[in-house]
> 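Structure incoming, see below.
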Amino acid sequence: MAEPSLYERLGGVFAIAAVIDHFSDAVVRNPVVGQGSENPELDAWHTEQLARLPGLKFMRTLWVCDVAGGPFTFAATKPGTTQLGLEEAHRDLHIRPEEFDEVAAELARSLDHFGVPAREKEEVLGAFAAHKGEVTEGSMASA
């Protein structure tokens, strides 16, 4: 019998959506990458674009479901070079590597909040980390 997918081990779309909801709200409040960030693009997004947050939560949920092997397909509003590519959606935010790492830490805290087991937590964080170069491309171009 085949091992359950990461999607199944995470508890499916409802469990993933709960983590993403918590994570997304925490990122908004995080002074390094959210409101009050020294990065003017991140600060502006998290103060002036909050009407878009429900859609972003939806897109993030789809992305995690897709990368975790679930039955949902992520389709970027600004397609990158691959189906799960994130570079175009993040380029104009000029996200620096240390800001990406803080978002990853926020994701880890949200996974912990929901008691996600270590193995699944590491798989989610690994999938997230695999896209660090894409997400931080915009900061490299402006350096």
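Keep in mind that this is a model prediction, so the values were computed, not measured. Below, each value reflects all heavy atoms present in this structure, side chains not excepted, and no hydrogens, waters or symmetry copies.
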> Can you name the closest pair of heavy atoms from M59 and A76 and give their distance?
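Shortest heavy-atom contact: CE-CA, 4.3 Å.
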> Would you say the ring centers of H90 and W45 fall short of 6.0 Å from each other?
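No; W45 has its ring centre 6.0 Å or more from that of H90.
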> What's the spacing between T136 OG1 and H131 NE2 if we round to 0.5 Å?
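The OG1 atom of T136 sits 12.5 Å away from the NE2 atom of H131.
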> State whether R91 and E134 are salt-bridged, where the test is any N-O pair (Lys NZ or Arg NE/NH1/NH2 against Asp/Glu carboxylate O) under 4.0 Å.
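Not counted as a salt bridge, because no side-chain N and carboxylate O are separated by less than 4.0 Å.
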> What do you reckon, is CD of E38 surrounded by more than 12 foreign heavy atoms closer than 6.0 Å?
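At most 12 heavy atoms, drawn from other residues, nucleotides or ligands, come within 6.0 Å of this atom.
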> Could you pull out the closest heavy-atom pair between L10 and A68, with the gap in Å?
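Closest approach of L10 to A68, heavy atoms only: CD1-CB, 4.3 Å.
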> If you measure from CZ on R119 to CG on L6, what distance do you get to the nearest 0.5 Å?
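Those atoms lie 8.5 Å apart.
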> Contact between V124 and V116 at the side-chain level, heavy atoms closer than 4.5 Å - yes or no?
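Heavy-atom side-chain distance check fails, nothing below 4.5 Å.
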> Can you check whether P4's main-chain N or O pairs, donor with acceptor, with R9's side chain at less than 3.5 Å?
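Side chain of R9 to backbone of P4, a donor-acceptor pair under 3.5 Å: yes, one is there.
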> Is any side-chain N of the basic residue among R96 and E137 closer than 4.0 Å to the acidic one's carboxylate O?
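Not counted as a salt bridge, because no side-chain N and carboxylate O are separated by less than 4.0 Å.
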> Can you tell me how far the CZ atom of F58 sits from the CD1 atom of I20, to the nearest 0.5 Å?
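It comes to 12.5 Å.
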> One thing to verify: whether E102 and R109 come together as a salt bridge, which I'm taking to mean a side-chain N less than 4.0 angstrom from a carboxylate O.
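Result for this pair is yes, salt bridge flagged.
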> So do S139 and P97 actually touch side chain to side chain, heavy atoms under 4.5 Å?
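Yes, at least one pair of side-chain atoms sits under 4.5 Å.
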> Which value, rounded to the nearest 0.5 Å, describes the distance between E41 atom CD and Q49 atom CD?
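The CD atom of Q49 is 12.0 Å from CD of E41, to the nearest 0.5 Å.
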> State, without any angle test, whether R60 and S24 hold a side-chain donor-acceptor pair at a distance under 3.5 Å.
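Per modelled atom types, R60 and S24 side chains form a pair under 3.5 Å.
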> With side chains defined as the heavy atoms from C-beta onward, is the minimum distance between K121 and D112 less than 4.5 Å?
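Counting from C-beta outward, K121 and D112 do come under 4.5 Å.
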> Look at the side chain of E8 and the backbone N and O of S5, then say whether any donor-acceptor pair between them is shorter than 3.5 Å.
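At least one qualifying donor-acceptor pair exists.
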> Which residue in the set E99, H46, H94 passes side-chain hydrogen bond (donor to acceptor under 3.5 Å, both in side chains) when paired with N39?
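The single option meeting the side-chain hydrogen bond (donor to acceptor under 3.5 Å, both in side chains) with N39 is E99.
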> With the side chain counted from C-beta on, respond yes when T61 and V19 share a heavy-atom pair under 4.5 Å apart, and no when they do not.
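Heavy-atom side-chain distance check fails, nothing below 4.5 Å.
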> Taking C-beta and beyond as the side chain, do V32 and V103 meet within less than 4.5 Å on heavy atoms?
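Of all side-chain heavy-atom pairs linking V103 with V32, none is under 4.5 Å.
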> With sequence neighbours excluded, tell me which residues meet ring-ring contact (aromatic ring centres under 6.0 Å, His included) with F128.
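F128: ring-ring contact (aromatic ring centres under 6.0 Å, His included) contacts with F100.
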> So, taking the atom named CD1 in I16 and the one named CG in L62, what distance separates them when rounded to the nearest 0.5 Å?
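If we round to the nearest 0.5 Å, I16:CD1 and L62:CG are 10.0 Å apart.
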> Is it true that the side chains of D43 and Q35 contain a donor and an acceptor less than 3.5 Å apart?
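No, because no side-chain N or O of D43 sits under 3.5 Å from a partner of the opposite role on Q35.
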> How about Y7 and C65: do any of their side-chain heavy atoms sit closer than 4.5 Å?
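Contact flag for Y7/C65 side chains = yes.
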